[in-house]
K.L.:
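Quick one: the structure is below, and I'll ask about it shortly.
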Amino acid sequence: MNINWSRWIHPGKIRYAAYEWFLMRLFFGYVMFTSFRQSGYHPFKPWLAHGRGADFMSAPYPRSIAQFMDVTWINQPENVTAIAITLGVLLLIYLLGIAPVLCMAGLAFFQISLGALENSQGNNVWHTSQIVAFCMLGIGGAAVAENLRALRQDGLTALRALWRERYQWLAFALKTPAVWWRKAVTPMESRQEESRSFTIYITQQLIAVAYIVAGISKLWISKGTWFTDVQNIGLQFEKNRLLKYYQTLEDPDVIPWATAFVNAHPTFTSWFFSIGLLLELFCFIALLNRAFMAAFGVGLVVMHLMIAMIMTLEFYYNEMIATIFLVNLPFWIVWLGQRLQGKSESRQVPT
């Protein structure tokens with residue numbers, strides 16, 4: 001029996017409609033906006049937060065790019081409004097899709113700078129928005145690769161044509177609503193379809209890499225004993241609870257049954273958390289086709305929700321990004337609607 005493997009195993013060959021990429025950009029734009037707004041410096045709310053002043057320095061514990069450059073300018077009162085305006089303009093350019101290298105380079109710079117400043121204060125190092133930076137690098141990196149490809153083909157002439165076509169596509173898409181849904185029928189539509197599909201695939205690869213590295217690090221740091229040690233994770237729950245208590249002298253908002261339950265059911269605990277680790281280690285399987293992406297995306301979201309409920313460790317950026325780039329709910333809604341419409345039409349009796 002011959003099996004056509006290419007029908008369901010085709011990494012990098014998925015073609016995305018214009019509406020899918022637009023909605024992904026829109027939702028990810030909201031994620032970036034949220035990450036900036038919740039960074040601790042509130043660049044989008046200058047009337048509520050005017051920076052933390054010169055006494056809030058990163059020099060004692062510099063991390064990331066703070067080791068090589070001063071990033072404390074971000075939290076100075078005189079810079080907050082200018083930063084908010086700059087971020088707003090860059091987000092608008094990103095949503096229009098007309099200058100991806102410029103806007104993603106700028107947004108990634110601010111994202112990394114904010115993270116470096118936040119993590120250089122001598123407190124715990126937070127990496128909840130790390131996945132956001134990965135996606136920024138994916139989108140920007142794909143655009144850089146396209147620019148280099150154009151330069152190799154025909155030098156600056158091809159590069160200028162590539163930039164010009166981004167504006168032409170924006171005008172064409174606004175005048176021709178059908179291009180948001182239909183398959184490519186013109187050369188420009190084909191080029192844009194290939195471009196957005198390449199960008200999405202690179203971004204999905206970096207999302208998978210982020211999870212695979214997280215899974216490998218668990219095994220590396222534990223020297224391979226993670227699967228056997230995870231049954232004692234209840235001790236970690238209690239450690240987290242006490243750490244928060246001694247920081248604030250207030251009882252943290254922790255579900256009281258979590259520690260007792262995992263201590264009473266070590267075998268179940270091992271199986272439950274091992275499934276999460278396997279999702280991380282084998283996240284590359286999600287790249288094979290849309291169905292695997294949706295399945296892994298839902299699995300990762302459920303994993304993060306359960307961790308948040310049990311351990312009070314929130315990774316809502318991961319949840320949103322897995323939903324946007326892996327689950328891709330708008331596609332499945334359209335797909336289901338088309339299937340139901342097809343069945344309904346097939347049941348009609350011709351007259």
K.L.:
Is any side-chain heavy atom of T86 less than 4.5 Å from a side-chain heavy atom of I83?
P.N.:
no
K.L.:
Could you tell me the separation between the CG atom of L95 and the CZ atom of R25, rounded to the nearest 0.5 Å?
P.N.:
7.0 Å
K.L.:
May I ask you to decide if the ring planes of F292 and F296 are parallel, tilted or perpendicular, using 30° and 60° as cut-offs?
P.N.:
perpendicular
K.L.:
To the nearest 0.5 Å, how far apart are CZ in F27 and CG in L329?
P.N.:
8.5 Å
K.L.:
Rounded to the nearest 0.5 Å, how far apart are CG of L279 and CD1 of I212?
P.N.:
11.5 Å
K.L.:
Looking at N79 and I74, would you say the former's side chain and the latter's main chain have a donor-acceptor pair under 3.5 Å?
P.N.:
no
K.L.:
Are Y94 and W169 co-members of a hydrophobic cluster defined by side-chain heavy atoms under 4.5 Å apart?
P.N.:
yes
K.L.:
If you take all heavy atoms of L300 and L326, which pair is closest and at what distance?
P.N.:
CD1-CD1, 4.0 Å
K.L.:
Mind checking whether I14 and M293 have side chains closer than 4.5 Å, heavy atoms only?
P.N.:
yes
K.L.:
Within the structure provided, determine whether Y16 and N328 are in side-chain contact (heavy-atom separation under 4.5 Å).
P.N.:
yes
K.L.:
Can you name the nearest heavy-atom pair linking A294 to W332, along with the distance?
P.N.:
CB-NE1, 3.6 Å
K.L.:
Applying a strict under-4.5 Å side-chain criterion to I, L, V, M, F, W and Y, I'd like to know whether Y19 and M188 cluster together.
P.N.:
yes
K.L.:
Decide yes or no for Y30 and F28: does some side-chain heavy atom of the first lie under 4.5 Å from some side-chain heavy atom of the second?
P.N.:
no
K.L.:
Which distance, rounded to the nearest 0.5 Å, do you find between the CG of L156 and the CG of L162?
P.N.:
12.0 Å
K.L.:
Might you point out which heavy atoms bring M24 and I200 nearest each other, and give the distance in Å?
P.N.:
SD-CD1, 3.7 Å
K.L.:
Below 4.5 Å, heavy atoms only, C-beta onward: do Q192 and E165 meet side chain to side chain?
P.N.:
yes
K.L.:
In the single-linkage hydrophobic clustering (I, L, V, M, F, W, Y; side-chain heavy atoms under 4.5 Å), do F68 and L114 co-cluster?
P.N.:
no
K.L.:
Kindly indicate, with the supporting measurements, whether the criterion side-chain hydrogen bond (donor to acceptor under 3.5 Å, both in side chains) is fulfilled by Y211 and N318.
P.N.:
CA-CA 10 Å; Y211 279 105; N318 292 63; 3.2 Å; yes
K.L.:
Measure the spacing between CD1 of I275 and CE of M306 and express it to the nearest 0.5 Å.
P.N.:
10.5 Å
K.L.:
Looking only at heavy atoms, what is the nearest atom pair of G215 and L281, with distance?
P.N.:
C-CD2, 3.5 Å
K.L.:
According to the interplanar angle, ranging from 0 to 90°, do the rings of F284 and F282 count as parallel (below 30°), tilted (30 to 60°) or perpendicular (above 60°)?
P.N.:
tilted
K.L.:
Just one of R191, R166, R152, R196 clears the salt bridge (Lys or Arg N to Asp or Glu O under 4.0 Å) bar with E146, so which one?
P.N.:
R166
K.L.:
Can you tell me how far the CD1 atom of I321 sits from the CE atom of M32, to the nearest 0.5 Å?
P.N.:
9.5 Å
K.L.:
Counting only heavy atoms not in W73, do more than 12 fall under 6.0 Å of its CH2?
P.N.:
yes
K.L.:
Mind listing the closest non-hydrogen atom pair of W181 and P177 along with its distance?
P.N.:
CD1-O, 3.8 Å
K.L.:
Taking Q153 for the side chain and A158 for the main chain, is one N or O donor matched with an acceptor at less than 3.5 Å?
P.N.:
no
K.L.:
Are the side chain of W180 and the backbone N or O of A173 linked by a donor-acceptor pair below 3.5 Å?
P.N.:
yes
K.L.:
If you look at every heavy atom in A18 and V179, which pair is closest and at what distance?
P.N.:
CB-O, 3.6 Å
K.L.:
Quick one, L137 with I202, criterion side-chain contact (heavy atoms from CB on, under 4.5 Å). Give me CA distance, side-chain angles, the key distance, then yes/no.
P.N.:
CA-CA 9 Å; L137 293 175; I202 294 298; over 6 Å; no
K.L.:
Between F36 and L107, is the side-chain contact (heavy atoms from CB on, under 4.5 Å) condition met? List the steps.
P.N.:
CA-CA 10 Å; F36 290 130; L107 291 169; 3.8 Å; yes
K.L.:
May I ask you to test the C135-L206 pair for a side-chain heavy-atom distance under 4.5 Å?
P.N.:
no
K.L.:
Would the distance check show the side chain of S217 and the main-chain N or O of A214 forming a donor-acceptor pair, the cut-off being under 3.5 Å?
P.N.:
yes
K.L.:
Test salt bridge (charged side-chain N to carboxylate O under 4.0 Å, His left out) on E20 and R15 and set out the steps.
P.N.:
CA-CA 10 Å; E20 293 181 82; R15 289 295 174 258; over 6 Å; no
K.L.:
Kindly indicate whether the side chain of W21, heavy atoms from C-beta on, has any atom under 4.5 Å from the side chain of T199.
P.N.:
yes
K.L.:
Strictly below 4.0 Å, N to O, side chains only: are K218 and E280 in salt-bridge contact?
P.N.:
yes
K.L.:
Please determine whether a side-chain nitrogen of the Lys or Arg among E189 and R182 lies less than 4.0 Å from a carboxylate oxygen of the Asp or Glu.
P.N.:
yes
K.L.:
Checking L305 against E319 for the side-chain contact (heavy atoms from CB on, under 4.5 Å) test, could you report, in this order, the C-alpha distance in whole Å, the side-chain angles of both residues, the deciding distance, and whether it holds?
P.N.:
CA-CA 8 Å; L305 290 174; E319 297 166 13; 3.6 Å; yes
K.L.:
Between R149 and F198, is NZ or CZ placed under 6.0 angstrom from the six-membered ring centre and within 45° of the ring axis?
P.N.:
yes
K.L.:
Does V301 belong to the same Ile/Leu/Val/Met/Phe/Trp/Tyr cluster as M303, with side-chain heavy atoms less than 4.5 Å apart forming each link?
P.N.:
no
K.L.:
When clusters are formed by joining ILVMFWY residues with side-chain heavy atoms under 4.5 Å apart, either directly or through shared neighbours, do F110 and I112 land in the same one?
P.N.:
yes
K.L.:
Are any of the side-chain heavy atoms of V144 and N147 separated by less than 4.5 Å?
P.N.:
no
K.L.:
Kindly indicate, with the supporting measurements, whether the criterion side-chain contact (heavy atoms from CB on, under 4.5 Å) is fulfilled by I131 and F315.
P.N.:
CA-CA 10 Å; I131 194 75; F315 284 91; over 6 Å; no
